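Please read the structure below before turning to the comments.
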Amino acid sequence: MNENSRLFDFLYEQQAKFPKKDMLAGKENGNWILHSTETVINNTQKIGAGLLKLGLSGNDMQPENQDKIAIISRNRPEWLMLDLATQQIGVLICPIYPTTNANEIEFIFNEAQIKYAFVSDADILTKVNSIKSNVPSLIDVYSFDDEPGVKYWKDIWIDPDAETIKQLEEIKSSIKAAHCATIIYTSGTTGVPKGVMLSHRGLVMNVLNSTKSFPFPIMPNERALSFLPLNHIFERMASYIYISTGISIYYAENLDTIGENLKEVKPLLFSTVPRLLEKVFDKIMAKGAELKGVKRKLFYWAVELAEKFDNINKGSLSYRVQLAIANALIFKKWREALGGNIEYIITGGAACQVKLLRIFTAAQIPVFEGYGPTENCPVISVNCNKKGGTKFGTVGLVIDGQEVKIETDGEICVKGPSVMIGYYKHPEWTAEVIKDGWLHTGDIGVFEDGKYLKITDRKKEMFKTSGGKYVAPQVIENKLKESRFVEQLMVLGDNQKFVSALIVPSFSNLKTWMMSKSITFTTNHEAIQHPEVVNFYNSIIEIYNGYFNHVEQVKKIKLLSEEWSVFTGEMTPKLSIKRKVIMEKYQQEIEWIYK
């Protein structure tokens, strides 16, 4: 594979070098259904032939003229098969998060002029049907499941004859690395969705450079568990790393079954976002809190040891011996709960708590944090599994093929083969972020030790207090989230006299604390109004304020009774907070803070 390769070439490379019996696997009716490399190739050919019969084509291979389809589905083998099939006939796939609201779906469908939509369940179908009449370009909707009231996607499959096979091969050979492979609409924290056009070359080079930099060896007998939405370029690019290195992809049934699926699949690795790691850790700590006597003391002793772990300075002989004992007695059970075979967890999409990186890595569950926006296919940097390749609190080393510079205002800029073609139908937006070949990420960062990239904040999220002092909220938020009593929070203070925070408590841990203080827990709403609870959270903030300069310290807080989520609108699909939405939703609470 080289810079002139197309994304779908990875499929044929696997077939030539290490054909697999379980290239893709999904669970149906309680059983894992395996799809071999040969089966996937045959299926993509049938799907491609069917799409051609529907009248879809790449036309002149210019994004504005290439036909487009949408996929709104949970992760499953069919997702990647459709992806591979569309690529080979020059049709553009526009993946959309299953949790996207109907208004955004309508906007994307109309801007991209979607002709066909492929969905995975009744709820998604209902959303698409609700806006169908408002999308003139939409011809039909197909379901991956054979359900009443919707066309079954296998009905379009065709066993191609010799003439159709010839046509498919001619189209495939006409597709160039520079051509657009997909349009991904980003659902950001503010503004309307933007269609990011990514080329075959950009994605292929990001896969190759990430694999080379990390480095990933060829591992044809290993498995990955996939549950981070494939609509996210991070998981989709990771899937192509798996294909190119021979790793089988097993799809988790849903987020609630990840624990069970990990034990069944025993994967070598998976990719995730920090929010899910936080939830895993919270569950571990909740179980530890239930222990009694010596077992409880050993558990907390092990966690305390792990919190001190440093991958660069391994510590004294005494520390290393104690950590080995902790691994044998306590952390071994953690590893077993993750399938007993995990060697890599790759996290991205948002900043990961350093505390979690230390604890998991000390427990021989290495977590490698990386970074990159959709506009760069996406990886810019990653902590690597090689000597000197990782430093906690940073997003690691810049991968091969990428050139990175820090502007005078701290903004991270990147140049290289993975930079997007541009924003679909919006050259003016493209011109704002790509200047002289440099992609301006909107993230603020620095290089530590001259080589480890560290993200300090989002350029647009930094605010200035009424005293004229700049504050980077993410840094404060990431530190405060280290408290096991804090589930979610958002730091405020733009044009205000002081910094404050909205806090959603970890109610499971708060309940335990209240019991220890003989305080009756009734409801979340009543708990956050109890004077002792409010004082307790103020004392937590006081402790963490010691890590910050006076202007950055949180002076006042407001506790909230409901957790933020994608479904209630405060979180993006990749589980980042939507600051504008939260500011609007909790306007009264914010006014109370600053009145």
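These numbers come from a predicted model, not from an experiment.
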- Hey, does L80 have a side-chain heavy atom less than 4.5 Å from the side chain of S239? yes
- Nearest non-hydrogen partners of K314 and Y319, listed with the distance: O-CD2, 3.5 Å
- Task: Check for a donor-acceptor pair, side chain of T572 on one end and backbone N or O of S576 on the other, with a separation under 3.5 Å.
- Result: yes
- Message: Closer than 3.5 angstrom, by distance alone: can the side chain of N59 be matched with the main-chain N or O of N65 as a donor-acceptor pair?
- Response: yes
- side chain to side chain contact (heavy atoms under 4.5 Å, CB included) with P95: of I233, I69, I71, only one passes, and it is I71
- Does the side chain of I346 come within less than 4.5 Å of F234's, by heavy atoms? yes
- Nearest heavy-atom approach of A49 to P160 is CB-CB, 4.1 Å
- Under 4.5 Å between any side-chain heavy atoms of V119 and Y142, yes or no? no
- Scan K154, K53, K46 and name whichever one has a salt bridge (Lys or Arg N to Asp or Glu O under 4.0 Å) with D159. K46
- Item | Minimal non-hydrogen separation, V40 against L84, with atom names | CG1-CD1, 4.0 Å
- Item | Summary of salt bridge (Lys or Arg N to Asp or Glu O under 4.0 Å) pairs that have at least one residue in residues 319-328, sequence neighbours excluded | none
- Query: Between Q14 and T37, do the side chains contain an N or O donor and an N or O acceptor separated by less than 3.5 Å?
  - Reply: yes
- Charged N to carboxylate O below 4.0 Å: is that the case for R358 and E482? no
- Message: Looking at E260, I want to see if its CD is surrounded by more than 12 non-hydrogen atoms of other residues, nucleotides or ligands under 6.0 Å.
- Response: yes
- Task: Carefully, step by step, assess I412 and Y371 under the rule side-chain contact (heavy atoms from CB on, under 4.5 Å).
- Result: CA-CA 11 Å; I412 299 166; Y371 159 72; 4.1 Å; yes
- Message: Suppose we screen for ring pair (Phe, Tyr, Trp, His ring centres under 6.0 Å). Which residues come up paired with F281, at least two apart in sequence or across chains?
- Response: none
- Query: Going from CD1 on I380 to CG on L439, what distance comes out if it is rounded to the nearest 0.5 angstrom?
  - Reply: 6.5 Å
- Indicate the atoms forming the closest heavy-atom contact of A363 with R335, along with that distance. O-NH1, 2.9 Å
- Task: Check the side chains of Y12 and K17 for a donor-acceptor pair under 3.5 angstrom, ignoring hydrogens and angles.
- Result: no
- Does a donor on one side chain and an acceptor on the other come within less than 3.5 Å for S5 and R201? no
- Value rounded to 0.5 Å, distance of OG in S210 from CD1 in I241: 5.0 Å
- Message: Under 3.5 Å, is there a donor on one side chain and an acceptor on the other for S143 and D145?
- Response: no
- So CE of M237 and CG of N206: to nearest 0.5 Å the spacing works out to 4.5 Å
- Salt bridge flag under 4.0 Å for residues E163 and K166: no
- Nearest non-hydrogen partners of Q474 and T456, listed with the distance: CB-O, 4.4 Å
- Task: Would you confirm whether D67, through its side chain, and S57, through its main-chain N or O, come within 3.5 Å as a donor-acceptor pair?
- Result: yes
- Classify the ring geometry between F392 and F309 as parallel (under 30°), tilted (30 to 60°) or perpendicular (over 60°). tilted
- Taking side chain as C-beta onward, heavy atoms only, is L52 less than 4.5 Å from I171? yes
- Sub-4.5 Å side-chain heavy-atom contact between F447 and L453: yes
- Message: Would you compute the distance between atom CG of D9 and atom OG of S244 and round it to the nearest 0.5 angstrom?
- Response: 12.0 Å
- Note on the structure: Interatomic distance, CZ@F8 vs OG1@T86, rounded to 0.5 Å, equals 10.5 Å
- Task: Go through the side-chain N and O atoms of T257 and N261 and say whether any donor and acceptor fall under 3.5 Å apart.
- Result: yes
- Check the pair T347, E369 against side chain to side chain donor-acceptor pair (under 3.5 Å), reporting the backbone distance first and the verdict last. CA-CA 5 Å; T347 182; E369 186 173 11; over 6 Å; no
- Note on the structure: OG (S271) and CZ (R236) are apart, to the nearest 0.5 Å, by 14.0 Å
- Message: Could you check whether N42 and T39, counting side-chain N and O atoms only, form a donor-acceptor pair closer than 3.5 Å?
- Response: no
- Between the main-chain N or O of N383 and the side-chain N or O of T390, is there a donor-acceptor pair closer than 3.5 Å? no
- Query: Are D22 and S248 close enough that a side-chain donor and a side-chain acceptor fall under 3.5 Å?
  - Reply: yes
- Heavy-atom check, side chain of F368 versus side chain of C384, under 4.5 Å: no
- Query: Do the side-chain N and O atoms of T394 and E448 include a donor-acceptor pair separated by under 3.5 angstrom?
  - Reply: no
- Task: Assert yes or no for the condition that the ring centre distance of Y251 to F227 is strictly below 6.0 Å.
- Result: no
- So, are K172 and E169 salt-bridged, with charged N and O less than 4.0 Å apart? yes
- Query: Are R74 and D121 close enough for a salt bridge, meaning some N to O gap below 4.0 Å?
  - Reply: no
- Any side-chain donor paired with an acceptor under 3.5 Å for E375 and Y423? yes
- Query: Excluding sequence neighbours, so at least two apart, what forms side-chain contact (heavy atoms from CB on, under 4.5 Å) with K415?
  - Reply: E403, W438
- Message: When you compare the side chains of S226 and N75, does any donor N or O come within less than 3.5 Å of an acceptor on the partner?
- Response: yes
- Task: Taking the side chain as every heavy atom from C-beta outward, state whether E235 and P229 have any pair of such atoms under 4.5 Å apart.
- Result: no
- Item | N209 side chain vs I399 backbone, donor-acceptor pair below 3.5 Å | no
- Message: I'd like to know whether L56 forms a side-chain contact (heavy atoms from CB on, under 4.5 Å) with K115, so could you lay out the CA-CA distance, the side-chain angles of the two residues, the decisive distance to 0.1 Å, and finally the verdict.
- Response: CA-CA 8 Å; L56 295 171; K115 289 194 171 182; 3.9 Å; yes
- Would you say the side chains of N43 and E78 form a donor-acceptor pair under 3.5 Å? no
- Which atoms form the tightest heavy-atom contact between L225 and P267, and what is the distance? N-CB, 3.7 Å
- Message: For K283, I'd like to know if atom NZ has over 12 heavy atoms of other residues, nucleotides or ligands within 6.0 Å.
- Response: no
- Item | NZ/NE/NH1/NH2 to OD/OE distance under 4.0 Å, D282 and K279 | no
- Can you check whether Y344 and F214 have ring centres sitting under 6.0 Å from each other? yes
- Message: For a 4.5 angstrom cut-off between non-hydrogen side-chain atoms, does T245 reach E222?
- Response: no
- Near K405 NZ, under 6.0 Å, is it more than 12 heavy atoms from other residues, nucleotides or ligands? yes
